[in-house]
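Each chain gets a letter, A, B and so on, in the order its sequence line appears, and its residues count up from 1.
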Amino acid sequence: MDNLDAARLQMAFTLIFHIVFACIGMVMPFFMIIAHKKWLNTRDPIFLKLTKSWQKGVAIFFVVGAVSGTALSFELGLLWPEFMKHAGPIIGMPFSLEGAAFFVEAVALGFYLYGWGRISEKFHWFTGIIVGLSGVASGILVVSANGWMNAPSGFDYVNGEFLNIDPVQALLNPAWFTQALHMTLAAFTATGFAVAGIHAYQIYKKRQVALHKKAFKIAITFGAIAAILQPISGDLSAKDIAKRQPVKLAAMEAHYETKKGAPLYIGGLVDDEKEKVSYKIEIPKALSFLAFGDFNAEVKGLKDYPKDVRPKVSIVHYAFQTMVGVGTLLMLAGFLFFISLKKMSWWKNKSFWLLFSILAPMGFIALEAGWIVTEVGRQPWIIHNIMKTKDAVTPMPGMIYSFYMYIILYGVLTVAVTWLMIRQIKSLNQAKLA
Amino acid sequence: MLNVVLFFLATSLVLYVILAGADFGAGIVELFSTKSNQALTKKTIYRVMGPVWEANHIWIIILIVILWVGFPDFYNVLVVYLHIPLTLVLLGITMRGVAFVFRHYDAYKDKSQILYDWLFRISSLLTPIFLGMTAGSMLSGKLVITDSYEQYTFYDLFIAPWLNGFSILVGFFFAALCAFLTSILLIGESDITNRKIYVRKSKYATLMVIGLGFLVLCFGFINDIIFITDFIKNPYTIVLIILSALLILPLLRSIKQATKVLSRTLAGLQVILILFAAMFAHFPYLIIASNTEMSLLETVAPEAVIKVLGITLIIGGLVILPGLFHLLKSFKMIKVLES
């Protein structure tokens, strides 16, 4: 494996890991403050117990997310020094604002975690809200930097030099809004379904049912609403990509031949060599409509672009199919939940709980697949149409060893955090509730 | 605006060294304690530092962001040539963070605590050593900055700059500084019966800092390391070092008398004096390579960038600092300032 591939794998691996922790750390505070509010309103001890156990979850995920985020802030430079040298001054603003938001979150979390019985109840609850809001703010801000890589703006590129830098315009790059919206909804969907799924499994196993039902309801409400809204945001994103990154769109859809009234492929096996897709389901004219809102619009195919600016089509296409497929499934599950509120008899059915337990990891699978679409789909560029990934990588040889080291480190971390979570849930189930 | 950015750069550096330093020191003091004292130290540290634990470490992110946004070429040299020590620092930070979470948030307190504790202590010692080695290698004169990588061996480019006597000594010096900060912090946080433990530790740590500092200077002088020869010649540096030497006596006395406020103030002052002495010695040439010297100020980003960065930092500072101050105050972590 050459240096570039090793560095890319290491980056992918670290990001895949970090995103899970960052999302949970960003969304779980909202579940926590809802449970907290319910405790303040009803003084039902179950809500207090729930708040405190979610708070532990938030703390664990926040800290692990913070250290993996610190690692990433170093890695960006360590792996892609040439990229950071030029991009740093341009997209530094979202990063510094994210740093500030993250700092606010850390301060607020300090208050929240250690504030029980030490500061006024109202202020204590309020600091919980700040934790949630600043978490979401840092997520939205950091996505701006990624948006800029897809839609570079805020500078003039003259003879290989970045001139007339305008960091504000770079922050407000055209890809930011659609990407941030899509990511925020994805974070709520993934975390909502994951947390709800864990509690659903406990109900399925008939442990502390009263508590887990309350927990399930709070978490799934967030997840379901986000999952139902997500297709709208997805449509905005697709139309955006069709305009700005037509190669990426073509790779997502495995669309090789330029056509008017282009069909949409569902599934299918991609042959990267022969540039063909077999075993697919075709929906006539749907791609033209989804991309441009017109059934007869022309969609440019991959063959219209030189081979050296195309991403690896099979990966992008499969990841895209996974994201859309799982996303649709979660949207349906979201509707199912809202119907179940009218038909409470479903809540007595074991298979209802089994279903939501199985759905627990699905949101994260869709979310990771989505990031693979946007990142692999941008290749070979690190900054779209400006700088290639191969020109950004570190000159230091032997990156493969660094990659192995990170695999071991994050492998151990994953096992350890999972173990810790299992122990949290076990202790919650053993607790006596008044 | 450049001055604002430099001010925030220096402030985050000082705060990171003092706050994260005291935090690293917590693990080091624990490592060098007897079994019964270890439990005591762990408990006291958690009570004092728990609420600000995360906040202490964010300063390094601010520091890195300022460097890469405001001084991209300077940052570029660090991440290319000091890839390996920085990766070791990262490993240390990650292991430490995880061990900290585990030992305080695990639902069951059983035998696994032993593992978490050791992980925490060892990584607390190694991380500042690697951090110090990274700083040392910037100034060691062993870096080779080049565009033609093929002409040099892997060892010359990526190993020699940090794996040398000077850098290693700076690493140990920084670790001693961390232990010094924590043991003095702990004097004021423990009750009268335990106080003498930390008084003793503070004395040892102070002697370690002085001894290692002296060693770094001697080693650098004997081996003609430009940074050190300039360090001893620079008038500002000499004034700062004399000041710090003069303050050692009152510091030792205040440690002996266990005066909380005075000992902490003097300890913090020592660190600031040492840091500034090192910065002034060769400012703005903060990277001293074997073939060139690199000025921080010559790598500065375009003016528009610095302007936006400065404004962002001011706004961020206005939001964060009052909150952080309030946090410290609410949990009585700054009694120092009140009394």
So which part of [X] gets closer than 4.5 Å to some heavy atom of chain B, the side chain, the backbone, both or neither?
X	value
A:Glu105	neither
A:Ser96	both
A:Leu413	side chain
A:Ala416	both

Given a strict heavy-atom distance threshold of 4.5 Å, which part of [X] is in contact with chain A: side chain, backbone, both, or neither?
X	answer
B:Thr299	neither
B:Ile60	side chain
B:Thr312	side chain
B:Tyr116	side chain
B:Val79	both
B:Ala304	both
B:Ile93	both

Inset, instruction - Just do the side chain to side chain contact (heavy atoms under 4.5 Å, CB included) check on B:Asn76 and A:Glu82 with the steps written out, would you? - result: CA-CA 7 Å; B:Asn76 188 264; A:Glu82 281 310 299; 3.8 Å; yes

Sub-4.5 Å side-chain heavy-atom contact between [X] and [Y]:
X	Y	answer
B:Phe158	A:Pro397	yes
A:Tyr406	B:Leu90	yes
B:Val69	A:Phe95	no
B:Tyr81	A:Met396	no

Could you tell me which non-hydrogen atom of [X] sits nearest to which non-hydrogen atom of [Y], and how far apart they are?
X	Y	answer
A:Pro81	B:Val80	CB-CG2, 3.4 Å
B:Pro72	A:Lys85	CB-O, 3.3 Å
B:Trp68	A:Gly88	CD1-CA, 3.5 Å
A:Phe74	B:Tyr75	O-OH, 4.1 Å
B:Gly97	A:Val63	O-CG1, 4.0 Å

Choice from [options] maximising heavy atom contacts with chain B below 4.5 Å:
options	result
A:Thr70, A:Thr394, A:Val417	A:Thr70
A:Ser402, A:Ala108, A:Gly77	A:Gly77
A:Gly69, A:Pro167, A:Ala87, A:Gly99	A:Pro167
A:Ala101, A:Pro89, A:Ser427	A:Pro89
A:Met405, A:Arg423, A:Met421	A:Arg423
A:Ile60, A:Asn164, A:Val64, A:Ile91	A:Ile60

Legend entry - chain A interface, residue from B:Ile62, B:Val77, B:Leu91 that has the most non-hydrogen pairs under 4.5 Å: B:Leu91

Legend entry - Counterpart residues, ring pair (Phe, Tyr, Trp, His ring centres under 6.0 Å), relative to B:Trp162 (two or more places apart): none

Heavy atoms from other residues, nucleotides or ligands near [atom1] of [X] exceed 12 (cutoff 6.0 Å):
X	atom1	answer
B:Glu303	CD	no
B:Tyr149	OH	yes
B:Phe154	CZ	yes

Legend entry - Spacing of A:Met84 atom CE and B:Leu67 atom CG [to the nearest 0.5 Å]: 11.0 Å

Legend entry - Nearest-0.5 Å distance, OG1 of residue B:Thr87 to CG of residue A:Leu409: 11.0 Å

